[in-house]
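Everything on this sheet refers to the single structure shown next.
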Amino acid sequence: MVDRLMEMRLVGIAILLGMADVLHAFAIMEKEDVFKKTPCPAFLMFDNAAYLADMSFELPCKCKPEEVTSVVWYFQKSMGSRQTKVLTDFDGTMFLDSGHIRVGSDMLKRFSIRMFSLIVFQAQVKDSGHYLCGTKKGDFFYGYDVDVQPSKAVTVAFEDRSQHPQKDHTEKHFSVFTTFWDWTKCDRCGVRGEQRRIGLCYVKSAYLYPRYHAVPTDVVSCGSRSVPGRFQGTIRRRKPEVVIRSCLTPCVKTKGPEEGVLSISNLIAKIGQKPWLPKVPIQFHKQQIGSGLIIACPGARPEHAVAWDKDSTRLYRTSFLTGVKKSMRVFIDHGNHLHIRFTQLDDRGTYYCWREGQMVAGFRLSVGFRGHRRRTLDDPETRYAIKAILTSYVLITMVFVGIHVSRCCCYVFRCTPME
(Lines give C-alpha, C1' and ligand atoms only; values in the text may rest on other atoms or scores of the structure.)
Protein backbone atom coordinates (compact mmCIF):
# COMPACT_ATOMS: atom_id res chain seq x y z
CA MET A 1 0.00 0.00 0.00
CA VAL A 2 2.83 2.37 0.92
CA ASP A 3 4.72 1.50 -2.30
CA ARG A 4 1.61 2.28 -4.37
CA LEU A 5 1.22 5.66 -2.68
CA MET A 6 4.88 6.46 -3.32
CA GLU A 7 4.48 5.50 -7.00
CA MET A 8 1.41 7.74 -7.34
CA ARG A 9 3.27 10.68 -5.76
CA LEU A 10 6.24 10.19 -8.11
CA VAL A 11 3.90 10.08 -11.12
CA GLY A 12 2.18 13.27 -9.94
CA ILE A 13 5.52 15.05 -9.49
CA ALA A 14 6.65 13.96 -12.94
CA ILE A 15 3.43 15.30 -14.48
CA LEU A 16 3.87 18.65 -12.70
CA LEU A 17 7.49 18.92 -13.84
CA GLY A 18 6.44 18.12 -17.40
CA MET A 19 3.73 20.80 -17.28
CA ALA A 20 6.27 23.30 -15.95
CA ASP A 21 8.65 22.54 -18.84
CA VAL A 22 5.81 22.95 -21.34
CA LEU A 23 4.77 26.28 -19.80
CA HIS A 24 8.40 27.49 -19.79
CA ALA A 25 8.84 26.54 -23.43
CA PHE A 26 5.52 28.22 -24.26
CA ALA A 27 6.68 31.41 -22.48
CA ILE A 28 9.91 31.40 -24.51
CA MET A 29 7.96 30.88 -27.73
CA GLU A 30 5.60 33.72 -26.76
CA LYS A 31 8.62 35.99 -26.14
CA GLU A 32 10.04 35.13 -29.54
CA ASP A 33 6.67 35.53 -31.26
CA VAL A 34 6.39 39.15 -30.11
CA PHE A 35 8.73 40.19 -32.91
CA LYS A 36 6.91 37.96 -35.40
CA LYS A 37 3.54 39.53 -34.59
CA THR A 38 4.89 43.11 -34.70
CA PRO A 39 5.99 43.94 -38.25
CA CYS A 40 8.46 46.77 -38.67
CA PRO A 41 7.08 49.85 -40.44
CA ALA A 42 8.14 50.34 -44.04
CA PHE A 43 8.83 54.01 -43.28
CA LEU A 44 10.67 54.74 -40.02
CA MET A 45 8.43 56.55 -37.53
CA PHE A 46 9.23 57.98 -34.11
CA ASP A 47 7.09 57.31 -31.03
CA ASN A 48 6.86 60.34 -28.76
CA ALA A 49 7.73 59.85 -25.06
CA ALA A 50 8.15 62.50 -22.33
CA TYR A 51 9.84 62.28 -18.92
CA LEU A 52 10.92 64.57 -16.12
CA ALA A 53 14.65 65.11 -15.58
CA ASP A 54 16.39 62.76 -13.11
CA MET A 55 13.98 59.94 -13.96
CA SER A 56 14.99 56.62 -15.52
CA PHE A 57 13.17 55.31 -18.59
CA GLU A 58 13.10 52.19 -20.75
CA LEU A 59 12.68 52.08 -24.54
CA PRO A 60 11.77 48.63 -25.93
CA CYS A 61 12.78 47.69 -29.46
CA LYS A 62 9.25 46.72 -30.50
CA CYS A 63 10.15 45.09 -33.80
CA LYS A 64 13.11 43.47 -35.54
CA PRO A 65 13.70 40.80 -38.22
CA GLU A 66 13.61 37.24 -36.93
CA GLU A 67 17.19 36.52 -37.97
CA VAL A 68 18.60 39.45 -35.95
CA THR A 69 19.91 38.19 -32.58
CA SER A 70 21.29 41.47 -31.19
CA VAL A 71 20.45 45.12 -31.67
CA VAL A 72 22.38 48.37 -31.62
CA TRP A 73 20.92 51.57 -30.18
CA TYR A 74 21.81 54.95 -31.69
CA PHE A 75 21.22 58.46 -30.38
CA GLN A 76 20.78 61.59 -32.51
CA LYS A 77 20.14 65.02 -31.06
CA SER A 78 18.20 66.12 -34.13
CA MET A 79 17.06 64.53 -37.38
CA GLY A 80 19.83 64.19 -39.95
CA SER A 81 22.56 65.15 -37.46
CA ARG A 82 26.03 63.82 -38.29
CA GLN A 83 26.84 63.49 -34.60
CA THR A 84 25.43 60.08 -33.74
CA LYS A 85 26.25 58.23 -30.54
CA VAL A 86 26.39 54.44 -30.52
CA LEU A 87 24.95 53.17 -27.24
CA THR A 88 26.11 49.55 -27.30
CA ASP A 89 29.14 47.33 -27.69
CA PHE A 90 27.54 45.85 -30.87
CA ASP A 91 26.62 42.66 -29.00
CA GLY A 92 23.68 44.00 -27.05
CA THR A 93 25.21 42.73 -23.82
CA MET A 94 26.29 45.92 -22.04
CA PHE A 95 24.97 46.09 -18.49
CA LEU A 96 25.24 48.84 -15.92
CA ASP A 97 24.53 48.99 -12.20
CA SER A 98 22.13 51.86 -11.55
CA GLY A 99 23.49 52.21 -8.03
CA HIS A 100 26.78 53.55 -9.40
CA ILE A 101 25.19 56.26 -11.53
CA ARG A 102 25.84 59.88 -10.64
CA VAL A 103 23.51 62.75 -11.47
CA GLY A 104 24.76 64.73 -14.47
CA SER A 105 27.20 62.10 -15.75
CA ASP A 106 27.54 61.51 -19.48
CA MET A 107 24.79 59.47 -21.13
CA LEU A 108 27.28 56.82 -22.31
CA LYS A 109 27.83 56.02 -18.62
CA ARG A 110 24.12 55.98 -17.75
CA PHE A 111 22.56 53.35 -20.00
CA SER A 112 22.03 49.63 -20.15
CA ILE A 113 20.65 47.20 -22.75
CA ARG A 114 18.50 44.31 -21.53
CA MET A 115 16.42 42.03 -23.76
CA PHE A 116 16.79 44.42 -26.73
CA SER A 117 15.47 47.34 -24.60
CA LEU A 118 17.45 50.49 -23.85
CA ILE A 119 17.41 51.76 -20.25
CA VAL A 120 18.65 55.28 -19.49
CA PHE A 121 19.28 56.07 -15.83
CA GLN A 122 18.72 59.53 -14.32
CA ALA A 123 17.92 61.19 -17.64
CA GLN A 124 18.94 64.79 -18.20
CA VAL A 125 17.54 67.48 -20.53
CA LYS A 126 20.54 66.96 -22.83
CA ASP A 127 19.34 63.36 -23.38
CA SER A 128 16.34 64.62 -25.38
CA GLY A 129 16.47 63.53 -29.01
CA HIS A 130 16.00 60.54 -31.31
CA TYR A 131 16.73 56.98 -30.21
CA LEU A 132 17.01 54.40 -32.98
CA CYS A 133 16.99 50.61 -32.67
CA GLY A 134 18.86 48.82 -35.45
CA THR A 135 21.93 46.82 -36.44
CA LYS A 136 25.61 47.67 -36.61
CA LYS A 137 25.25 47.86 -40.42
CA GLY A 138 22.94 50.86 -40.07
CA ASP A 139 19.56 49.20 -40.64
CA PHE A 140 16.94 50.85 -38.41
CA PHE A 141 13.80 49.06 -37.14
CA TYR A 142 12.20 51.36 -34.59
CA GLY A 143 12.60 54.93 -33.33
CA TYR A 144 11.66 57.14 -30.38
CA ASP A 145 11.33 60.90 -30.02
CA VAL A 146 12.26 61.41 -26.34
CA ASP A 147 11.55 64.69 -24.57
CA VAL A 148 13.21 65.10 -21.14
CA GLN A 149 11.66 68.18 -19.52
CA PRO A 150 13.68 70.15 -16.92
CA SER A 151 13.03 69.64 -13.22
CA LYS A 152 14.80 72.79 -12.04
CA ALA A 153 12.18 75.20 -13.43
CA VAL A 154 9.09 73.32 -12.23
CA THR A 155 5.91 75.16 -11.26
CA VAL A 156 4.80 73.89 -7.82
CA ALA A 157 1.23 74.12 -6.50
CA PHE A 158 0.15 73.17 -2.97
CA GLU A 159 -3.51 72.13 -2.77
CA ASP A 160 -3.61 72.77 0.99
CA ARG A 161 -2.90 76.43 0.24
CA SER A 162 -5.63 76.57 -2.42
CA GLN A 163 -3.04 76.87 -5.20
CA HIS A 164 -4.01 75.60 -8.65
CA PRO A 165 -2.09 74.31 -11.69
CA GLN A 166 -1.36 76.47 -14.71
CA LYS A 167 -4.23 77.25 -17.05
CA ASP A 168 -4.26 76.00 -20.63
CA HIS A 169 -2.97 78.41 -23.26
CA THR A 170 -4.67 78.50 -26.66
CA GLU A 171 -3.59 80.28 -29.82
CA LYS A 172 -4.80 80.17 -33.41
CA HIS A 173 -2.80 77.16 -34.61
CA PHE A 174 -2.01 75.29 -31.38
CA SER A 175 -2.84 74.95 -27.69
CA VAL A 176 -0.52 74.18 -24.75
CA PHE A 177 -1.65 72.28 -21.66
CA THR A 178 -0.41 70.03 -18.85
CA THR A 179 -1.01 66.28 -18.70
CA PHE A 180 -0.81 64.92 -15.14
CA TRP A 181 0.25 61.48 -14.01
CA ASP A 182 -1.60 59.61 -11.26
CA TRP A 183 -1.12 60.63 -7.64
CA THR A 184 1.69 58.84 -5.85
CA LYS A 185 1.07 56.84 -2.69
CA CYS A 186 1.10 58.65 0.63
CA ASP A 187 4.81 58.99 1.43
CA ARG A 188 4.34 58.29 5.18
CA CYS A 189 2.04 56.08 7.23
CA GLY A 190 0.58 56.58 10.67
CA VAL A 191 1.33 60.32 10.54
CA ARG A 192 0.49 63.14 8.15
CA GLY A 193 2.17 62.58 4.84
CA GLU A 194 2.17 64.10 1.36
CA GLN A 195 1.18 62.99 -2.12
CA ARG A 196 2.72 64.26 -5.31
CA ARG A 197 1.43 64.50 -8.87
CA ILE A 198 3.73 65.25 -11.79
CA GLY A 199 2.45 67.11 -14.85
CA LEU A 200 4.32 67.44 -18.16
CA CYS A 201 3.85 70.00 -20.90
CA TYR A 202 1.99 68.93 -24.07
CA VAL A 203 0.90 70.70 -27.23
CA LYS A 204 -2.07 70.05 -29.53
CA SER A 205 -1.90 71.18 -33.13
CA ALA A 206 -2.88 70.10 -36.62
CA TYR A 207 0.48 71.29 -37.97
CA LEU A 208 2.74 68.64 -36.40
CA TYR A 209 5.27 66.86 -38.61
CA PRO A 210 3.69 63.56 -39.78
CA ARG A 211 6.83 61.44 -39.28
CA TYR A 212 6.27 61.46 -35.51
CA HIS A 213 3.74 59.02 -34.10
CA ALA A 214 1.57 59.95 -31.12
CA VAL A 215 -1.77 58.96 -29.61
CA PRO A 216 -3.89 60.98 -30.25
CA THR A 217 -2.22 61.94 -33.49
CA ASP A 218 -2.42 65.71 -32.96
CA VAL A 219 -0.90 65.76 -29.42
CA VAL A 220 2.81 65.53 -28.53
CA SER A 221 5.03 66.71 -25.69
CA CYS A 222 6.26 70.30 -25.86
CA GLY A 223 9.88 69.32 -26.51
CA SER A 224 9.06 66.97 -29.39
CA ARG A 225 10.86 67.49 -32.70
CA SER A 226 7.48 67.30 -34.43
CA VAL A 227 6.51 70.76 -33.16
CA PRO A 228 7.19 73.44 -35.82
CA GLY A 229 9.89 75.94 -34.91
CA ARG A 230 7.55 78.92 -35.24
CA PHE A 231 5.57 77.65 -32.22
CA GLN A 232 8.58 77.20 -29.93
CA GLY A 233 8.71 80.79 -28.67
CA THR A 234 5.43 80.47 -26.77
CA ILE A 235 5.78 76.78 -25.88
CA ARG A 236 9.18 77.18 -24.19
CA ARG A 237 7.66 79.45 -21.57
CA ARG A 238 5.44 76.59 -20.38
CA LYS A 239 6.99 74.66 -17.46
CA PRO A 240 6.35 71.19 -16.04
CA GLU A 241 4.21 71.13 -12.90
CA VAL A 242 4.13 69.36 -9.56
CA VAL A 243 1.02 69.38 -7.35
CA ILE A 244 1.35 68.40 -3.67
CA ARG A 245 -1.36 67.66 -1.12
CA SER A 246 -1.56 66.23 2.41
CA CYS A 247 -2.65 62.66 3.12
CA LEU A 248 -3.04 60.24 6.02
CA THR A 249 -2.91 56.43 5.73
CA PRO A 250 -2.60 53.72 8.42
CA CYS A 251 0.55 51.61 8.63
CA VAL A 252 0.45 47.97 7.60
CA LYS A 253 0.96 45.68 10.58
CA THR A 254 4.30 43.91 10.38
CA LYS A 255 4.97 40.43 11.68
CA GLY A 256 6.49 40.47 15.16
CA PRO A 257 9.71 38.66 16.10
CA GLU A 258 9.71 34.90 16.40
CA GLU A 259 9.27 33.29 19.79
CA GLY A 260 12.91 32.22 20.07
CA VAL A 261 14.24 35.67 19.21
CA LEU A 262 11.87 37.30 21.70
CA SER A 263 12.97 34.97 24.53
CA ILE A 264 16.66 35.67 23.82
CA SER A 265 15.96 39.41 23.85
CA ASN A 266 14.13 39.11 27.19
CA LEU A 267 17.03 37.08 28.61
CA ILE A 268 19.52 39.78 27.58
CA ALA A 269 17.26 42.41 29.17
CA LYS A 270 17.27 40.47 32.47
CA ILE A 271 21.05 39.95 32.53
CA GLY A 272 21.95 43.51 31.62
CA GLN A 273 20.82 46.49 29.63
CA LYS A 274 18.87 45.62 26.52
CA PRO A 275 20.79 46.62 23.38
CA TRP A 276 19.46 49.43 21.19
CA LEU A 277 17.77 48.04 18.08
CA PRO A 278 17.15 50.51 15.23
CA LYS A 279 13.78 50.53 13.49
CA VAL A 280 15.46 50.37 10.07
CA PRO A 281 19.00 49.73 8.79
CA ILE A 282 21.26 52.65 9.73
CA GLN A 283 24.24 53.90 7.74
CA PHE A 284 26.86 56.01 9.53
CA HIS A 285 28.66 58.87 7.81
CA LYS A 286 31.01 61.62 8.92
CA GLN A 287 30.95 64.89 7.00
CA GLN A 288 33.36 67.80 7.17
CA ILE A 289 31.89 71.06 8.35
CA GLY A 290 31.22 73.54 5.55
CA SER A 291 31.05 70.92 2.78
CA GLY A 292 28.02 69.87 0.76
CA LEU A 293 26.13 66.58 1.06
CA ILE A 294 23.46 64.82 -1.04
CA ILE A 295 21.59 61.85 0.49
CA ALA A 296 19.65 59.39 -1.69
CA CYS A 297 16.96 57.02 -0.43
CA PRO A 298 17.96 53.38 -1.13
CA GLY A 299 15.96 51.81 -3.94
CA ALA A 300 13.95 54.97 -4.62
CA ARG A 301 13.35 56.50 -8.04
CA PRO A 302 12.10 60.03 -8.83
CA GLU A 303 8.59 58.77 -9.57
CA HIS A 304 8.31 57.08 -6.15
CA ALA A 305 6.71 58.61 -3.05
CA VAL A 306 9.70 59.50 -0.86
CA ALA A 307 9.80 61.45 2.42
CA TRP A 308 12.55 62.54 4.80
CA ASP A 309 12.68 63.01 8.58
CA LYS A 310 15.44 64.37 10.79
CA ASP A 311 15.18 62.53 14.09
CA SER A 312 11.54 63.27 15.05
CA THR A 313 11.15 66.33 12.79
CA ARG A 314 9.20 65.85 9.53
CA LEU A 315 10.81 67.52 6.53
CA TYR A 316 7.65 68.29 4.56
CA ARG A 317 7.87 69.50 0.99
CA THR A 318 5.73 72.51 1.80
CA SER A 319 8.80 73.92 3.59
CA PHE A 320 11.76 71.97 2.17
CA LEU A 321 11.02 71.49 -1.54
CA THR A 322 13.57 73.18 -3.76
CA GLY A 323 12.38 76.55 -5.01
CA VAL A 324 9.90 77.15 -2.16
CA LYS A 325 12.25 79.82 -0.78
CA LYS A 326 14.81 81.96 -2.59
CA SER A 327 17.77 80.69 -0.58
CA MET A 328 17.67 77.22 0.94
CA ARG A 329 20.54 75.42 2.64
CA VAL A 330 18.59 72.19 3.29
CA PHE A 331 16.10 71.13 0.62
CA ILE A 332 14.59 68.17 -1.26
CA ASP A 333 14.91 68.16 -5.05
CA HIS A 334 12.38 66.73 -7.53
CA GLY A 335 14.47 63.56 -7.79
CA ASN A 336 13.76 62.88 -4.07
CA HIS A 337 17.34 63.60 -2.95
CA LEU A 338 18.01 65.44 0.30
CA HIS A 339 20.57 68.25 -0.12
CA ILE A 340 22.57 69.86 2.69
CA ARG A 341 24.69 72.82 1.62
CA PHE A 342 27.58 74.03 3.78
CA THR A 343 27.12 71.42 6.51
CA GLN A 344 26.92 72.84 10.04
CA LEU A 345 27.11 71.32 13.51
CA ASP A 346 23.32 71.63 13.85
CA ASP A 347 22.91 69.15 10.96
CA ARG A 348 24.09 66.27 13.15
CA GLY A 349 21.44 63.61 13.70
CA THR A 350 19.69 60.66 12.11
CA TYR A 351 17.89 61.23 8.81
CA TYR A 352 15.15 58.68 8.09
CA CYS A 353 13.95 57.84 4.60
CA TRP A 354 10.39 56.77 3.73
CA ARG A 355 9.66 55.01 0.44
CA GLU A 356 6.14 54.26 -0.81
CA GLY A 357 4.72 54.84 2.67
CA GLN A 358 7.22 52.67 4.59
CA MET A 359 10.31 53.74 6.52
CA VAL A 360 13.19 51.88 4.85
CA ALA A 361 16.53 53.35 5.96
CA GLY A 362 18.33 55.73 8.28
CA PHE A 363 21.39 57.89 7.79
CA ARG A 364 23.34 58.81 10.93
CA LEU A 365 25.28 61.99 10.21
CA SER A 366 28.13 63.30 12.33
CA VAL A 367 29.88 66.57 11.50
CA GLY A 368 33.57 67.14 12.18
CA PHE A 369 36.05 69.91 11.60
CA ARG A 370 38.20 70.04 8.52
CA GLY A 371 41.54 68.30 8.41
CA HIS A 372 44.53 69.45 6.39
CA ARG A 373 44.20 68.25 2.82
CA ARG A 374 45.18 69.47 -0.60
CA ARG A 375 42.51 71.22 -2.62
CA THR A 376 41.77 70.22 -6.22
CA LEU A 377 39.80 71.90 -8.98
CA ASP A 378 37.15 69.19 -8.68
CA ASP A 379 36.13 70.32 -5.18
CA PRO A 380 32.84 72.27 -5.14
CA GLU A 381 34.32 74.71 -2.61
CA THR A 382 37.30 75.39 -4.90
CA ARG A 383 35.04 76.02 -7.88
CA TYR A 384 32.82 78.32 -5.82
CA ALA A 385 35.84 80.29 -4.56
CA ILE A 386 37.30 80.66 -8.08
CA LYS A 387 33.92 81.77 -9.44
CA ALA A 388 33.49 84.32 -6.62
CA ILE A 389 37.02 85.71 -7.10
CA LEU A 390 36.63 86.02 -10.88
CA THR A 391 33.20 87.64 -10.52
CA SER A 392 34.57 90.16 -8.00
CA TYR A 393 37.53 90.90 -10.25
CA VAL A 394 35.25 91.55 -13.24
CA LEU A 395 32.99 93.84 -11.20
CA ILE A 396 35.96 95.79 -9.79
CA THR A 397 37.43 96.14 -13.28
CA MET A 398 34.13 97.41 -14.67
CA VAL A 399 33.82 99.97 -11.85
CA PHE A 400 37.44 101.09 -12.36
CA VAL A 401 37.01 101.49 -16.13
CA GLY A 402 33.67 103.24 -15.67
CA ILE A 403 35.14 105.79 -13.25
CA HIS A 404 38.04 106.62 -15.58
CA VAL A 405 35.78 106.86 -18.63
CA SER A 406 33.46 109.26 -16.79
CA ARG A 407 36.44 111.39 -15.65
CA CYS A 408 37.79 111.54 -19.21
CA CYS A 409 34.36 112.57 -20.51
CA CYS A 410 34.11 115.34 -17.90
CA TYR A 411 37.60 116.55 -18.76
CA VAL A 412 36.84 116.64 -22.51
CA PHE A 413 33.57 118.54 -22.04
CA ARG A 414 35.19 121.07 -19.69
CA CYS A 415 38.17 121.73 -21.95
CA THR A 416 36.08 122.13 -25.10
CA PRO A 417 36.20 125.91 -26.06
CA MET A 418 32.89 127.70 -26.49
CA GLU A 419 32.32 129.19 -29.93
Side-chain angles (χ1 to χ4, degrees), residues 51-58 96-103 110 112 119 121-123 151 181-198 242-258 261-262 265 274-287 292-322 330-341 343 347-367:
Y51 308 94
L52 192 65
D54 297 327
M55 289 187 173
S56 301
F57 61 85
E58 179 179 357
L96 201 64
D97 184 5
S98 60
H100 298 154
I101 302 300
R102 292 185 178 181
V103 176
R110 292 186 284 103
S112 176
I119 303 173
F121 300 100
Q122 295 184 356
S151 60
W181 297 1
D182 293 334
W183 286 99
T184 62
K185 294 182 179 179
C186 196
D187 56 14
R188 293 178 178 87
C189 69
V191 295
R192 186 178 75 86
E194 292 176 325
Q195 286 180 290
R196 187 178 56 152
R197 196 180 189 190
I198 296 174
V242 173
V243 182
I244 297 172
R245 68 181 181 185
S246 298
C247 58
L248 182 62
T249 57
C251 292
V252 179
K253 292 183 179 181
T254 57
K255 188 178 180 181
E258 297 180 0
V261 176
L262 188 60
S265 178
K274 192 174 181 179
W276 175 72
L277 296 176
K279 298 180 289 185
V280 291
I282 300 293
Q283 179 182 352
F284 295 86
H285 179 76
K286 185 176 182 180
Q287 187 75 6
L293 179 64
I294 302 175
I295 310 175
C297 187
R301 296 195 300 269
E303 57 268 27
H304 284 165
V306 176
W308 292 94
D309 296 342
K310 181 188 176 184
D311 297 326
S312 59
T313 304
R314 316 291 181 194
L315 305 182
Y316 289 112
R317 281 181 167 82
T318 50
S319 302
F320 290 92
L321 184 64
T322 178
V330 179
F331 62 91
I332 303 170
D333 66 14
H334 294 288
N336 295 323
H337 302 101
L338 179 64
H339 294 248
I340 303 177
R341 290 178 175 174
T343 308
D347 296 325
R348 291 178 297 187
T350 304
Y351 294 84
Y352 293 102
C353 166
W354 298 71
R355 187 187 70 223
E356 297 292 286
Q358 299 293 326
M359 187 180 290
V360 294
F363 193 88
R364 187 64 177 266
L365 177 64
S366 60
V367 180

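- Residues satisfying the salt bridge (charged side-chain N to carboxylate O under 4.0 Å, His left out) criterion with R197, sequence neighbours excluded, are absent altogether.
- Counting all heavy atoms, side chain and backbone alike, I332 lies closest to W308 at CD1-CD1, 3.9 Å.
- By the ring-ring contact (aromatic ring centres under 6.0 Å, His included) test, Y316 pairs with no residue at all, sequence neighbours left out.
- Minimum interatomic distance between V330 and D347 (heavy atoms only, all atoms of both residues): CG2-OD1, 4.4 Å.
- For H339, the ring-ring contact (aromatic ring centres under 6.0 Å, His included) partners at least two apart in sequence or on another chain are F331.
- For the residue pair W354 and C189, the shortest heavy atom distance occurs at CZ3-N, 3.5 Å.
- We find the OH-CD distance between Y51 and E58 to be 9.0 Å, quoted to the nearest 0.5 Å.
- In this structure, CG in D187 is found 11.5 Å from CD in Q358, a value given to the nearest 0.5 Å.
- Residues satisfying the ring-ring contact (aromatic ring centres under 6.0 Å, His included) criterion with F320, sequence neighbours excluded, are absent altogether.
- In this view, N336 and R196, V306, R317 satisfy the side chain to side chain contact (heavy atoms under 4.5 Å, CB included) rule, not counting sequence neighbours.
- Expressed to the nearest 0.5 Å, how far CZ of R348 lies from CD of Q287 amounts to 13.5 Å.
- Applying the 6.0 Å contact sphere to CG of D182 captures no more than 12 heavy atoms from other residues, nucleotides or ligands.
- In K185, the NZ atom is not crowded: 12 or fewer heavy atoms of neighbouring residues, nucleotides or ligands sit closer than 6.0 Å.
- Every salt bridge (charged side-chain N to carboxylate O under 4.0 Å, His left out) that R314 has, sequence neighbours left out, goes to D309.
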